Number of protein chains: 2
Amino acid sequence: MSQKIFVSAKEVADRAGVSRSAVSRTFTPGASVSAETRRRVLEAAEALGYHVNHLARGLMRNESGLVCLIVSEMDTPYRASLIRAISRHLQNASKIAMLINTDRSDRSVDEALKLAISYRADASIVLSGMPEKSITDLCVKSGQRLVLINRDEERAGALMINLRDQEAARQAFIAFQRAGCRSFAFANSDVGTPSLMAREEGFCAAGREFGVDVIVERFGATRYQSGVVLAQRLLTREVRPDAIFCANDLLACGLMDTARHQFKLAVPDDLCVVGFDDIEQTSWSSYQLTTFAQPVDRIAEEAVLWLSQPMTDSGRFCRMTPDLVWRESVRGG
Amino acid sequence: MSQKIFVSAKEVADRAGVSRSAVSRTFTPGASVSAETRRRVLEAAEALGYHVNHLARGLMRNESGLVCLIVSEMDTPYRASLIRAISRHLQNASKIAMLINTDRSDRSVDEALKLAISYRADASIVLSGMPEKSITDLCVKSGQRLVLINRDEERAGALMINLRDQEAARQAFIAFQRAGCRSFAFANSDVGTPSLMAREEGFCAAGREFGVDVIVERFGATRYQSGVVLAQRLLTREVRPDAIFCANDLLACGLMDTARHQFKLAVPDDLCVVGFDDIEQTSWSSYQLTTFAQPVDRIAEEAVLWLSQPMTDSGRFCRMTPDLVWRESVRGG
DNA sequence: ACGGATGTTGCACTCGCTTGCAAAAAGAGG
DNA sequence: CCTCTTTTTGCAAGCGAGTGCAACATCCGT
């Protein structure tokens, strides 16, 4: 359809009166070219608007410079900020992010990875969904690096970045106790993502540890609207919880808003809330939510670092600790 | 560094006992292959885990399937949702998004476009910043399609998608008047993006049209925190405005929160607010902001459509009308 | 059985680039 | 000035695919 007419190394070579190899070497760091030749090549390249064809280069070098980002619900604040951080770090490492949206189904993560293979991506970073083992094996076998973020299922040869969700949950529990709360609840989505379940599990475990009952309610996706529903369910119980740990900040925002506007409860006086992620909105004055900060930048850094390291068969676990950011949604602090 | 060992068409051919061309044809829609050959090829491909190398294919076809998305502050709600919509539409058109972050400087948009050329992207979509004319010319000359969203400066050969910002601003003004407001203000960022300036201009023009003064205040980036500052400046004036049109929703959120919490003003009783973008947060019950909805999905659709159309030299303007979404931040409605 | 139409297949060239190798040029040392 | 070493340079062979062309096979009608 389109007539793309990019200028090629041959044309630059002709104009500069040198061989095609000379042009190639000029644009290959560390190759042997005399200063004079380089000058003439660069001049010709500039005049013609030449840019090395990375596709062809990747073909030869067997290294495309492309890294595949596999994400669903990428407009969600936490995801968006992670994408941003990763893309920044990738660019610093002279790589470039290919974005693949997997909103449709779970199978589409597999499709995405196949696409990554087709484009000979140097690596894939999975932010959501969990790929089939057969596919990840194919990736690793093909020499493609694989990073799984917050997926928590083992895959040979991959880097798995996870947070200490359970410990964080315990910490939240203790914070609630210090604030004098008596009735504890966990507000979760019902998608069952491992990291969300780990938070739930950790919170319940803390309840058992301290001999306190914990109510668990699950509903919908990890979005604001689910938080609304969760609030309605939790706050209409005969013993109304006065401490709710939300699986993530979006839920917490929906829950807080509903608690305040629909149930006329004061946060933190009548109800303490803790969230997870530390999305930007939690710092807005309508929320001032106490929450656990995902170390987004460090996650991105770690992921990108892994891409440039020699491949190991075993894979690697990387666990990070989320920091508890104290704001106003829990008494005391 | 990494030893990538992808399986090639040659290996598949060998295993299936056919020529390499047969393999190629099997994966080329519309090519002539017998059912039997196709079957054997597909079988061998499956067994070996073969996937066509899109880079090599792109090299031959002179069509990479890559589309470059050039964005800054991509974790901002509006940007994120636009990115999501575009990536979805691209995937439907069997293309794939390369994400380039231009947070650093304005010059980096040019760098990004050069990168796009290097990767022989079929097109580039610019969501932020404005590239040099020389660079866009190079893109168009190279046969690369170019889409500029909300940029509002003319570039030959490109598709320029814009909203009717001025008309929207006028509509906001009228809504304020209907609500009985008496003192009007426009809260803007000071980055001077054309679309933001158009909204300001449209609002001021409406003021002149109706013979009413309009206060304009500009500060910072188009973010929540700037909204806070703008509120502090606007709401401490001797004649306090009771109608504020914000250049975008993030500003509006910051401004509303500050008006309520710091100045103890009731929205919409003491102060009416209108925003722009219709980001998700505006529907949260803490805000219920009346705002103009960017037709994100239609923008994405239009952009992607353009990519598959034959190239014209002239370029094309596409103006869309944002819908006013009535919520609770303006009386009446 | 034969001529012709139709459908498949493989050869070989091409896309734009990198790189090993050997020839040519430049520099060093006597 | 000649020889030996070090750069620099061009040639040509890839990388993994697509495709025009000609050869071949298949099938049909007569």
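Reminder, nothing fancy here: chain letters follow the sequence lines and each chain counts from 1. Predicted model only: the values in this text are computed from it and were never measured.
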* To do: Answer yes when A:R39 and A:E43 have at least one side-chain N-carboxylate O distance shorter than 4.0 Å, and no when they do not.
  => yes
* Asked: Would you say A:Y119 reaches D:dG16's phosphate, i.e. side-chain N/O to OP1/OP2 under 4.0 Å?
  -> no
* Using a strict 4.0 Å threshold on nitrogen-to-oxygen distance, state whether A:D14 and A:K10 make a salt bridge. => yes
* Nearest of C:dT19, C:dG16, D:dA17 to any side-chain atom of A:T28? -> C:dT19
* To do: Please report, rounded to the nearest Å, how far the P atom of C:dG16 is from the CG atom of B:N53.
  => 16 Å
* salt bridge (Lys or Arg N to Asp or Glu O under 4.0 Å) evaluation trace for B:R145 with B:D122 -> CA-CA 6 Å; B:R145 240 151 266 271; B:D122 296 337; over 6 Å; no
* Roughly, in whole Å, what's the span from CG in B:L55 to P in C:dG16? -> 14 Å
* Could you tell me the separation between the CZ atom of A:R61 and the P atom of C:dG20, rounded to a whole number of Å? => 11 Å
* To do: Scan A:S24 against the nucleic acid and name what it touches under 4.0 Å (heavy atoms): base, sugar-phosphate only, or nothing.
  => base
* Salt bridge B:R155-B:E153, side-chain N to carboxylate O under 4.0 Å -> yes
* Are the side chain of B:S34 and the backbone of B:T37 linked by a donor-acceptor contact shorter than 3.5 Å? -> yes
* Asked: Can you tell me how far P of D:dC15 sits from CE of B:M60, to the nearest Å?
  -> 17 Å
* Expressed in angstrom and rounded to an integer, what is the separation of A:E63 atom CD from C:dT19 atom C1'? -> 15 Å
* To do: Using the salt bridge (Lys or Arg N to Asp or Glu O under 4.0 Å) rule, take B:R88 and B:D297 through it: C-alpha gap first, then chi angles, then the decisive distance, then the call.
  => CA-CA 10 Å; B:R88 270 217 321 265; B:D297 204 69; 3.3 Å; yes
* Rounded interatomic separation in angstrom, taking CD from A:E11 and C1' from C:dC17 -> 14 Å
* Structure fact -> Rounded to whole Å, the CZ-C1' distance (A:F6 to C:dC17) equals 15 Å
* Structure fact -> Quick tally for nucleotides 6-11 of chain D: nucleotides whose base has a protein heavy atom under 4.0 Å get B, sugar-phosphate-only ones S, the rest -, giving --BBBB
* **Rounded interatomic separation in angstrom, taking CZ from B:R39 and P from C:dT9** => 13 Å
